[in-house]
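Numbers here simply count residues along the sequence, with the first being 1. Note that the coordinates shown come from a computational prediction; the quantities given were computed from them, not determined experimentally.
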Amino acid sequence: MVLFKVARVETTPFDGQKPGTSGLRKKVKVFMQPHYLQNFVQSTFNALGADNVRGATLVVSGDGRYFSKDAIQIIIKMAAANGVRRIWVGQNGLLSTPAVSAVIRERVAADGSKANGAFILTASHNPGGPDEDFGIKYNMENGGPAPEGITDKIYSNTTTIKEYLIAEGLPDVDISTIGVASFAGPEGQFDVDVFDSASDYVKLMKTIFDFQSIQKLLSSPKFTFCYDALHGVAGAYAKRIFVEELGAQESSLMNCVPKEDFGGGHPDPNLTYAKELVARMGLGKTNTEQEPPEFGAAADGDADRNMILGKRFFVTPSDSVAIIAANAVQAIPYFSAGLKGVARSMPTSAALDVVAKNLNLKFFEVPTGWKFFGNLMDAGMCSICGEESFGTGSDHIREKDGIWAVLAWLSILAYKNKDNLGGEKLISVEDIVRQHWNIYGRHYYTRYDYENVDAGGAKELMAYLVKLQSSLTEVNNIIKGIRSDVSNVVHADEFEYKDPVDGSVSKHQGIRYLFEDGSRLVFRLSGTGSVGATIRLYIEQYEKDPSKTGRDSQEALFIIYFALYATP
């Protein structure tokens, strides 16, 4: 057995190692600076405390983006030096973010061990490659992102760090081959367990959904399907689930080979970046001669986000979570006993609110960041939740889950068509969405992103928008001067959230203008980019009249004129 020693390496702090809502994200070249990654990892170990690190089992994997394999080897050596007992690595360093959460919560190793937490190496939907983005975040024993109390400690530690610990004499571990490698150090044995990336996650999905009913849908000659992994880590799961388990044709999988640079693309599942899928579904700028599939979906780099498409039809993420919640009890076995509650992030449209009210469900509006949903789930208060930024999930894990959302939609389609598979025409994605609008009304919705803007200028704009809230009369005069038929603003504030579970308060979570008819304007600074600042503008208008729910979104969103006016 290879013996290693512990070395203490002197270092100095780096500026700006403050984790955002999804960990620390910077350019690859920043992470590749000597000591940069090591400082952050040691600061995390220090924040967790020696008692929680020594003897622990930690997962270390990610979406496979450039620099991941090097980072895994560094973290393994640092974990060994800090007294961690064992490290679990998905084969080839690949684990989707939702799969990491599932592994933490569900996996039991041959020796009976369970995971205490995880380092996830991802920058989510951001591009990858030598000149692009890298990221790292820590997830806790519940499978969810570290709470603010921990991330604040991590950041504080990064500002004062003087040394880090790393194993000397510990060779790089072969993470391409499944098996356990054992080493010996000052505190005893240290193991690195490389395991199949998909097995635990697939096993969990089969306890949630009726795979047999989905198989019947996919085997219908009238139902066609395609799935685009955008060369992200979802490709490590797509063939196993959709082809081997559910019987889809392998030709239905697009870009399902994970690549370090995501094939040179931007692994963000939306109408802008999932161009190949969008065109195949008949939503491109040019019409295709080939008939589009009935159902299409895409994932982002780490497979926690999703986009749902029907034939020539786009489902907004806000509508998607509302429709899943409205149909979950009937269509998904996991929820057959009823929903505990539902939740959405503040910028997400209020479509879920209307479902909750109609079905008499507990409802929560939380700041952006999945950790807020996790608290509710741990307390047994929330079953289904979602974000407008293409994130949907449930209490089966503590992360959003892109493949789960696809399986949820396939389950709803299977349920709606269970007596119709031999009929002339299947109930389509568009049929389900329009039926939902007829029952609950439609929330017309759009988002504008102003990316990589000057951080100082962004803060000035947000301050201006807060100041404008002091006089709603002035705001309404501005609006009426542009569109006299737009409803009045009746409330404006900076969103503040008091967690009903632990009582913690999150301030300055976005600036809201709420209109009398249920419409909203929201401005928010985002923390998921790697450089500069991103201002997100959300525009929403509610329509209850079924005769008016079929309009084009941009035509319906009158208040966009005010939004653009109020954005200098």
Item to complete: Mark yes or no: Lys418 above the aromatic ring of Tyr415, with NZ or CZ under 6.0 Å from the six-membered ring centre and no more than 45 degrees from the axis.
Response: yes
Fill in: Atom pair CG/OG of Leu413 and Ser220 - distance to nearest 0.5 Å
11.5 Å
Item to complete: Report the distance from atom CG of Leu58 to atom CD1 of Ile87, rounding to the nearest 0.5 Å.
Response: 4.5 Å
Worksheet item: Measuring from Leu246:CG to Gln212:CD, what's the distance to the nearest 0.5 Å?
Response: 11.5 Å
Worksheet entry | Side chains of Glu276 and Asn255, donor plus acceptor under 3.5 Å | yes
Practice prompt. Name all residues meeting the ring-ring contact (aromatic ring centres under 6.0 Å, His included) criterion together with Phe314; count only those two or more places apart in sequence or in a different chain, and write none if there are none.
Written response: none
Worksheet entry | Tyr334 side chain to Asp395 side chain, donor-acceptor N/O pair below 3.5 angstrom | yes
Worksheet item: Hey, is Asp63 close enough to Lys259 for a salt bridge, meaning N to O under 4.0 Å?
Response: no
Discussion item. Restricting to non-hydrogen atoms, name the atom on Thr122 and the atom on Ser124 that form the minimum distance, rounded to 0.1 Å.
Written reply: OG1-N, 2.7 Å
Discussion item. Can you tell me how far apart CG (Asp228) and OH (Tyr273) are? Round to the nearest 0.5 Å.
Written reply: 15.0 Å
Discussion item. Checking Asn358 now: which residues fulfil side chain to side chain donor-acceptor pair (under 3.5 Å) with it, not counting sequence neighbours?
Written reply: none
Discussion item. Checking Asn126 against His266 for the side-chain hydrogen bond (donor to acceptor under 3.5 Å, both in side chains) test, could you report, in this order, the C-alpha distance in whole Å, the side-chain angles of both residues, the deciding distance, and whether it holds?
Written reply: CA-CA 7 Å; Asn126 293 4; His266 192 139; 5.2 Å; no
Practice prompt. Find out whether the Lys NZ or Arg CZ of Arg398 is both under 6.0 angstrom from the six-membered ring centre of Trp370 and within 45° of the ring's axis.
Written response: no
Item to complete: Find out whether the Lys NZ or Arg CZ of Arg107 is both under 6.0 angstrom from the six-membered ring centre of Phe195 and within 45° of the ring's axis.
Response: yes
Worksheet item: Say you draw a straight line from CG of Asn142 to CD1 of Ile397; how long is it, rounded to the nearest 0.5 Å?
Response: 11.0 Å
Practice prompt. Could you grab the distance from atom CZ of Phe119 to atom CD1 of Ile72, nearest 0.5 Å is fine?
Written response: 12.5 Å
